[in-house]
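Report on the following structure.
This one's a predicted model, so the numbers in the text were calculated from it and none came from an experiment.
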Amino acid sequence: TLALDSEGLLYVADVGQGCVQKFDAEGDWVSTWGHKGPGPGELDERWTLALDGDDDVVTMEPRRRVQRFASNGTFRGSWAGAGEEFGFYGPRIAVDEERGTVYTLGLREFGVQAYDRDGHLLWAIGELPASRPGQLHEPTLIATTRDETLIRGTHFITHFKRGVYQNQWRVPSDYLITDMAATPDA
């Protein structure tokens with residue numbers, strides 16, 4: 001996962017090492033912080049990151065944990081996300097830079113949850129498994145604005161406003177997510 005801060009510094013989630021690498025606009029290394037582990041302020045396997053409007057780094061891990069760090073790596077706190085007991089599969093995270101709202105998304109869990117900057121649940125949408133409009137089938141991408149949320153699943157894009165279902169439309173078959181493996185042109 002990659003994210004740019006307000007000064008143009010690039011943050012890279014180094015999942016293998018359990019740390020965050022920071023680079024300047026020219027690609028020169030600036031700093032590294034964090035280490036691998038399950039404890040507070042440590043980064044577990046398969047985590048992802050996003051930045052908020054204060055340039056705090058917000059991370060999400062498969063085992064339902066969301067953590068907040070200052071841009072220099074100082075641990076600021078954590079909370080457990082909603083989801084099944086085993087945690088998130090394929091975690092995704094987005095942050096509303098203006099309000100600091102943190103959106104978490106797991107591929108096979110409850111869908112999308114919105115938290116305030118202190119980790120209090122604001123709303124949750126998209127019951128799984130999807131069987132009617134407003135529910136999500138393997139959500140993979142999330143885009144947010146002040147009041148709107150769009151979630152891209154395997155076959156549908158679903159639109160919510162302030163956590164309330166609005167509508168859903170089918171993804172054209174040319175753009176279905178079916179196989180992520182690249183195949184060379186013949």
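Rounded to the nearest 0.5 Å, atoms CH2 (W79) and CG (L121) are 10.5 Å apart. Here the CZ atom belonging to F69 is positioned 5.0 Å from the OG1 atom belonging to T59, to the nearest 0.5 angstrom. Rounded to the nearest 0.5 angstrom, Y11 OH and L2 CG are separated by 13.0 Å. Remark: D14 CG to L43 CG distance equals 10.0 Å, nearest 0.5 Å. Atoms CD and CG, from E26 and D24 in turn, are 4.5 Å apart once rounded to the nearest 0.5 Å.
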task: Before giving the answer on salt bridge (charged side-chain N to carboxylate O under 4.0 Å, His left out), spell out for K36 and D44 the whole-Å C-alpha distance, their side-chain angles and the decisive distance to 0.1 Å.
output: CA-CA 6 Å; K36 200 172 205 170; D44 214 345; over 6 Å; no
- request: Go through the steps for V58 and Q67 under the test side-chain contact (heavy atoms from CB on, under 4.5 Å), then give the verdict.
  value: CA-CA 6 Å; V58 183; Q67 299 189 91; over 6 Å; no
message: D55 vs S71, test: side-chain hydrogen bond (donor to acceptor under 3.5 Å, both in side chains). Steps then yes/no.
response: CA-CA 6 Å; D55 290 338; S71 62; over 6 Å; no
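Follow the hydrophobic side-chain contacts under 4.5 Å out from L51 and you never reach F23; the two are in separate clusters. W33 and V15 fall within a single hydrophobic cluster, where Ile, Leu, Val, Met, Phe, Trp and Tyr side chains are chained together by heavy-atom contacts under 4.5 Å. A chain of hydrophobic side-chain contacts below 4.5 Å, direct or via other Ile, Leu, Val, Met, Phe, Trp or Tyr residues, connects L10 to W29. L4 and V95 are members of different hydrophobic clusters when ILVMFWY side chains are connected at heavy-atom separations under 4.5 Å. The hydrophobic clustering, which links ILVMFWY residues whose side-chain heavy atoms are closer than 4.5 Å, places V57 and F75 together.
With contacts defined as side-chain heavy-atom distances shorter than 4.5 Å, the pair V12/V20 does not qualify. Put simply, the side chain of D56 reaches to within 4.5 Å of the side chain of R76, judged on heavy atoms.
Taking every heavy atom of both residues into account, E42 and R65 meet most closely at O-NH2, 2.8 Å. Shown here for G34 and C19, the closest heavy-atom pair between the two residues is O-CB, 3.5 Å. Heavy atoms only, all atoms of each residue included: Y115 and L122 are closest at C-CD1, 3.8 Å.
In this view, N72 and T74 satisfy the side-chain hydrogen bond (donor to acceptor under 3.5 Å, both in side chains) rule, not counting sequence neighbours. Every salt bridge (Lys or Arg N to Asp or Glu O under 4.0 Å) that D52 has, sequence neighbours left out, goes to R68, R117.
Counting heavy atoms of neighbouring residues, nucleotides and ligands inside a 6.0 Å radius, atom CD of Q17 does not exceed 12 of them.
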